[in-house]
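Here the structure comes first, spelled out in structure tokens, and everything after it is commentary.
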2 protein chains.
Amino acid sequence: MNLEQKYLALLQEAQRRQLPDLESIRLCFQTLSLATAIDRDCAALLAPHGLSEGRFVLLFLLDAAGEGLAPNRLAEQAGVTRATVTGLLDGLEREGLIERQGDTRDRRALRIQLTHKGKQVAKNVFRQHGRWIAGLFGNLSAAERRQLGALLDKVSGNLATASSRMST
Amino acid sequence: MNLEQKYLALLQEAQRRQLPDLESIRLCFQTLSLATAIDRDCAALLAPHGLSEGRFVLLFLLDAAGEGLAPNRLAEQAGVTRATVTGLLDGLEREGLIERQGDTRDRRALRIQLTHKGKQVAKNVFRQHGRWIAGLFGNLSAAERRQLGALLDKVSGNLATASSRMST
DNA sequence: GCCATATAGTATGGCGCCTAATTATATGCT
DNA sequence: AGCATATAATTAGGCGCCATACTATATGGC
């Protein structure tokens with residue numbers, strides 16, 4: 001069933017203790033393990049290009065924007081703090097994928113732009129990524145995809161996060 | 001559908017670009033978002049007890065072992081490196097949940113034991129956690145659970161990680 | 001015009017995870 | 001017995017993420 005080691009250990013122990021609702025526990029760990037494995041594969045795919053998942057998101061947003069974007073807008077769209085964006089931009093700059101340009105009208109502000117190399121890497125990585133994701137779900141029929149989507153949705157509804165985020 | 005902000009941004013952009021296999025992309029992001037949200041809820045539940053997810057796993061393993069466990073065995077069972085275990089134990093020790101005791105026979109080795117407080121926290125947290133997970137999947141019927149499990153499995157099979165980990 | 005307040009980006013320090021290097025101890029071979 | 005090698009735990013340094021606190025600049029109200 002391909003659980004991560006830690007979840008395997010927890011599940012075995014839960015079994016030994018005969019905890020109730022073992023089936024839910026198993027499903028939860030299965031979901032988390034799948035996500036971890038996807039992230040790991042993703043990271044392995046991105047690493048050779050000098051990218052992490054976070055940097056990839058910024059790269060994508062910048063490529064979409066075309067005309068350069070301010071760090072605070074990047075933070076908003078990526079759903080991380082401005083401080084995190086600073087760190088990610090440091091990385092992208094080190095890799096020569098972006099440039100920080102001062103805004104002439106607001107001297108506090110920056111405009112982040114992709115370099116030539118950045119644009120090229122973006123193009124290649126997006127193609128690669130698309131193929132990869134397609135492969136991930138390629139063996140599911142249309143009906144199965146609908147089912148999976150619906151089930152994931154149903155579970156999402158039970159999360160504290162979902163409701164609190166809506167009200168915020 | 002409750003996607004994390006970053007995935008929302010990526011998905012919208014993918015739509016705009018009319019990338020192929022949008023449905024796969026959506027499912028992928030939905031899975032990752034669910035896992036992220038579960039982790040976030042979990043972290044919020046554990047934080048008041050001075051626990052992180054990693055520390056929780058060690059606490060569980062130690063509680064299961066009863067007689068004290070060596071850090072290297074904890075690392076194996078939790079699926080992290082010994083260095084990481086050192087850090088997690090530092091945290092647990094700071095919180096007064098464990099004690100490091102030198103092994104009398106092998107002076108390199110340690111035996112980690114839960115303190116009284118550690119055992120109490122363990123008991124409470126396990127109960128809380130069980131209820132929480134049960135609630136997460138509580139609104140799925142038995143059939144839906146089977147379906148979800150099967151679908152997640154089917155996706156897992158397409159991961160590079162799965163095959164490579166088997167051979168290692 | 002001036003001051004309070006908001007905003008932009010960053011520094012700092014924490015967490016969990018990693019790899020690689022370090023230190024102490026144990027063990028096996030000759 | 002003595003030395004190479006293995007093993008236990010830790011340290012050091014890196015990454016991505018966070019929250020908090022700081023600095024520089026902009027803006028609105030009086």
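We name chains A, B, ... by the order of the sequence lines, and we start the count at 1 in each one.
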> side chain to side chain contact (heavy atoms under 4.5 Å, CB included) with B:Ala9: which residues, sequence neighbours excluded?
Replying inline: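 Residues passing side chain to side chain contact (heavy atoms under 4.5 Å, CB included) with B:Ala9: A:Leu61, B:Gln5.
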
> Of all residues at least two apart in sequence or in a different chain, which pass the side chain to side chain contact (heavy atoms under 4.5 Å, CB included) check with B:Thr104?
Replying inline: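 B:Thr104 satisfies side chain to side chain contact (heavy atoms under 4.5 Å, CB included) with no other residue.
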
Looking at residues at least two apart in the chain, or sitting in another chain, which of them share a salt bridge (Lys or Arg N to Asp or Glu O under 4.0 Å) with [X]?
{"X": "A:Glu93", "value": "A:Arg100"}
{"X": "B:Arg16", "value": "B:Glu13"}
{"X": "A:Arg146", "value": "none"}

> First contact, last contact: which nucleotides of DNA chain D are these for chain A, 5' to 3', heavy-atom distance under 4.0 Å?
Replying inline: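 The footprint of chain A covers D:dC15 to D:dA26.
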
> Rounded to whole angstroms, how far apart are CG on A:Leu89 and C1' on C:dG9?
Replying inline: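 Taking atom C1' of C:dG9 as the reference, CG of A:Leu89 is at 10 Å.
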
> What one-letter contact string describes nucleotides 11-19 of chain C from 5' to 3', where B marks a base within less than 4.0 Å of any protein heavy atom, S marks contact via sugar-phosphate atoms alone, and - marks no contact?
Replying inline: B---SSSBB

Show me the pairs that pass side-chain hydrogen bond (donor to acceptor under 3.5 Å, both in side chains) and involve [range], at least two apart or across chains.
{"range": "residues 62-74 of chain B", "answer": "A:Arg17-B:Asp63, B:Arg73-B:Glu76"}
{"range": "residues 49-61 of chain B", "answer": "A:Tyr7-B:Glu53"}
{"range": "residues 118-139 of chain A", "answer": "A:Asn139-B:Asn158"}
{"range": "residues 23-32 of chain A", "answer": "A:Asp21-A:Ser24, A:Glu23-A:Arg26, A:Ser24-B:Arg145, A:Arg26-A:Gln30, A:Gln30-B:Asp153"}

Check nucleotides 5-7 of chain C against the protein and report each pair of N or O atoms closer than 3.5 Å, with its distance, or say if there are none.
residue: C:dT7; atom: O2; partner: A:Arg108; partner atom: NH1; Å: 2.6

> Just checking A:Arg105: base, sugar-phosphate only, or nothing, at a heavy-atom cut-off of under 4.0 Å?
Replying inline: sugar-phosphate

> side-chain contact (heavy atoms from CB on, under 4.5 Å) between B:Phe137 and B:Leu148: does it pass, once the steps are laid out?
Replying inline: CA-CA 11 Å; B:Phe137 293 85; B:Leu148 180 54; 4.2 Å; yes

